[in-house]
Amino acid sequence: MKVSPLLALLCGALLAAHSWAAPRFISNLDIISFDGTELDANLFVPDTPPPDGGYPTVLFTNSWALDKHQYLLQAKALAEKGYLVMSYSTRGFGKSGGLVDVAGDNTLADTRVLIDWLEANYPVGKLGMAGISYGAGISLLTAAADSRVDAVAALSGWSDVVEGLYPNNTVNLVWGTLLVNTAFKREPIVDQIWSNLRNGHNLSDVFTFSASRSALSYVDALNANGTAVLLSNNFADYLFKPNSTIDLYTLLEGPKKLLLNPGTHAVTETLGGNGGHIWTTSFRWFDRYLKGENNGIDREPKVDMTVRISNRLEQFDDFPVTGKQSHWYLHPRLTYFGNGQLKSNPYSGWRWSNQFHGGADTAAGTGIPLVSDALEGLGIPVYTFMPAINGYYAIEYQSPLLWNGMKIRGTPTLEMWITPSKPEVQLHLHLYDTGPLGMGRLITHAPVTLRNAQVGREQKIDVEFFTTSYDVPAGHRVTLAIDTEGLIYQKPADTDYEITVPYRSDRVSKLAIPQL
């Protein structure tokens, strides 16, 4: 068979292009860190000449308890686009030596050693870091400490360790226990800090330990370095809530983007990233700020928010995404078997009070720890039959029928007057979308623990719910359900207490809901 010269030329060009695009994979690299610790890494090297200024480079950092293999698909895809890509196992995980120090000084020194090694062995251009969970936090902290990091994609990361493990003075028992028990090679300080937190001892040491590992402590450094920061968090992430990530986002002055997605901690990214949107956006972020491509991401809206259940993507110029607030005022219930009301006007009737008690959990809650959170990302919310919530151990407040529905976008807040009977009490606040048959879908929640409450005295609590994006259908109601226990969180040692809610014109309790 005779082949035309033109066809042969085209085939040769295609074969050459294919071989050019195939990166070289080095599966086992042992890199010696500053203290002699061996760090296990792998590397994709593009099979193309480096561009002027060197290869755009990405350093992937593993999630907690995982290793260098976590990002093989993403690393290969980036390498095929011309990136030099290293993935490594942080100290104490995988085959790397050393002990886990929870993104401490040794771990951050390791990242600088890895960047040094890359620069010493390859022509490195602009450099980015990326990771999920533990890798996200380390990426942010390294970028603050090392100006060589030009861009970051921090997915399901933390900005404030205290918010993650001690939200509103409440011990995040399930997640904290899981983290500690899956770090098999850990420094003794990790156990000591967790013990102190659980027992309420030496909390100043806990806060000092946490602050040095929280990106919110280093905003000035990130701004001074001009790091391009992409942040992504998930609405049902009950470990690293979106709230402090949003706090970090609002303080950043350089290039920034915020993704808020359905699902729980790290699962959304691991299972494809919100229909691929998270990883696609992360790659575009690096293309813009490492490769210098004019792909328009810097001119697009800065906030991508995906509505829960429907998984509909919405984009906004900034956060907060809306300035509109619905204000609902708490009005009393008449019996333990009835509901209080959420009304648009403050309570102004006779002096009144309601009581509910500690000592038992109720049907209000966040579902099965970890499992229900993961299902939420697949569009399966936590359901509760609202009439089954025990009025002796909880209290509910219900809005009128919302004939036009409600598009909730942002962070609901509650200002509430209470009188506790013990110095340590705990409240679990739940916001539900309640349908005509009494079934409630969990919209968001928040715990709060008073550690030194004024016994027998009226006092106001101010609580932020976890940020969310949710559409309440027309003909449904919004219900605020409050009880005293939750499966995720550690209970007070003494749960035999009573909470009194006073109502009068100078003791107005208010729920604020941001909506479009």
Side-chain angles (χ1 to χ4, degrees), residues 23-45 57-79 83-118 121 127-143 149 152-158 175 177-187 190 213 232 239-240 264-273 278-279 282 370 374:
R24 180 164 55 98
F25 181 54
I26 305 172
S27 60
N28 291 300
L29 285 172
D30 289 325
I31 298 173
I32 306 302
S33 193
F34 70 99
D35 61 350
T37 298
E38 288 190 8
L39 301 176
D40 186 31
N42 58 45
L43 186 71
F44 281 98
V45 182
T57 303
V58 172
L59 178 61
F60 276 113
T61 303
N62 59 279
S63 299
W64 191 269
L66 298 181
D67 64 12
K68 66 178 184 179
H69 299 102
Q70 181 178 2
Y71 308 105
L72 281 176
L73 293 177
Q74 292 85 0
K76 183 173 184 292
L78 282 172
Y83 286 84
L84 176 69
V85 188
M86 173 180 280
S87 300
Y88 75 105
S89 303
T90 54
R91 62 172 55 217
F93 289 124
K95 292 183 179 179
S96 289
L99 301 176
V100 177
D101 62 358
V102 192
D105 290 341
N106 290 341
T107 294
L108 297 189
D110 291 342
T111 59
R112 292 192 289 274
V113 168
L114 293 170
I115 295 171
D116 291 342
W117 186 93
L118 285 166
N121 290 277
L127 181 138
M129 291 189 65
I132 299 171
S133 185
Y134 193 47
I138 292 172
S139 296
L140 286 169
L141 293 169
T142 302
V149 181
V152 165
L155 316 178
S156 273
W158 74 90
W175 277 105
T177 301
L178 178 66
L179 291 177
V180 172
N181 290 338
T182 51
F184 303 113
K185 298 181 292 181
R186 56 185 183 267
E187 292 190 351
V190 176
R213 291 160 167 82
S232 177
L239 174 57
F240 300 141
T264 190
H265 179 69
V267 173
T268 302
E269 295 85 355
T270 303
L271 295 182
I278 296 174
W279 282 112
S282 299
L370 309 183

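All heavy atoms count here, side chains included; hydrogens, waters and symmetry mates do not.
- Taken to the nearest 0.5 Å, the CZ atom of F240 stands 9.0 Å off from the OG atom of S156.
- Counting only heavy atoms from C-beta outward, the side chains of K68 and L39 never approach each other to under 4.5 Å.
- Residue D105 places its CG atom among 12 or fewer non-hydrogen atoms of other residues, nucleotides or ligands, all under 6.0 Å distant.
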Exercise for the section: Applying side-chain contact (heavy atoms from CB on, under 4.5 Å), run through W279 and L73 and close with a yes or a no. Expected result: CA-CA 11 Å; W279 282 112; L73 293 177; over 6 Å; no
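- Of all heavy-atom pairs between G131 and A136, the closest is O-CB, 3.3 Å.
- Atom CH2 of W158 and atom CD1 of I138 lie 6.0 Å apart (nearest 0.5 Å).
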Exercise for the section: Please assess I31 against M86 for the test side-chain contact (heavy atoms from CB on, under 4.5 Å), listing each intermediate value before the final yes or no. Expected result: CA-CA 12 Å; I31 298 173; M86 173 180 280; 3.6 Å; yes
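- Within the 4.5 Å cutoff, no side-chain heavy atoms of L59 are placed close to those of V149.
- Separating the OG atom in S87 from the CG atom in N62 is a distance of 9.0 Å, to the nearest 0.5 Å.
- Considering every non-hydrogen atom in both N121 and W117, the closest pair reads ND2-O, 2.7 Å.
- In terms of heavy-atom proximity, V58 sits nearest to Y83 at CG2-CD2, 3.9 Å.
- Using the six-membered ring where Trp is involved, H265 and W175 have ring planes that are perpendicular, over 60° apart on the 30 and 60° scheme.
- The backbone N or O of R91 lies less than 3.5 Å from no partner atom in the side chain of K185, so there is not a single donor-acceptor pair.
- Taken from CD1 in I132 to OG1 in T268, the straight-line distance is 9.5 Å, to the nearest 0.5 Å.
- With T142 as reference, T111 is the one residue of T61, D110, T111 to meet the side-chain hydrogen bond (donor to acceptor under 3.5 Å, both in side chains) rule.
- Looking at N42, its side chain never comes within 3.5 Å of a backbone N or O of F25 through a donor-acceptor pair.
- The nearest pair of heavy atoms linking G98 to T37 is N-CG2, 3.7 Å.
- Between the OG atom in S33 and the CG atom in N106 there is a gap of 8.0 Å [rounded to 0.5 Å].
- Listed by chain and residue number, E38, D40 satisfy the side chain to side chain contact (heavy atoms under 4.5 Å, CB included) test with D30 (two or more places apart in sequence, or in another chain).
- Aromatic ring centres of F93 and W64: separated by under 6.0 Å.
- If you take CG on L43 and CG on L84, they are separated by 5.0 Å, rounding to the nearest 0.5 Å.
- The side chain to side chain contact (heavy atoms under 4.5 Å, CB included) check on L66 picks up S63, Q70, with sequence neighbours excluded.
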Practice task
Let me see the working for L239 and L179 under side-chain contact (heavy atoms from CB on, under 4.5 Å), right down to the final yes or no.
Solution key: CA-CA 10 Å; L239 174 57; L179 291 177; 4.1 Å; yes
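- Among pairs with a residue in residues 94-104, those fulfilling side chain to side chain donor-acceptor pair (under 3.5 Å) read D101-T107, at least two apart in sequence or across chains.
- Looking at every heavy atom in both residues, I32 comes nearest to V113 through O-CG1, 3.6 Å.
- Of all the heavy atoms in Q74 and F60, the pair that sits closest is CB-CZ, 4.0 Å.
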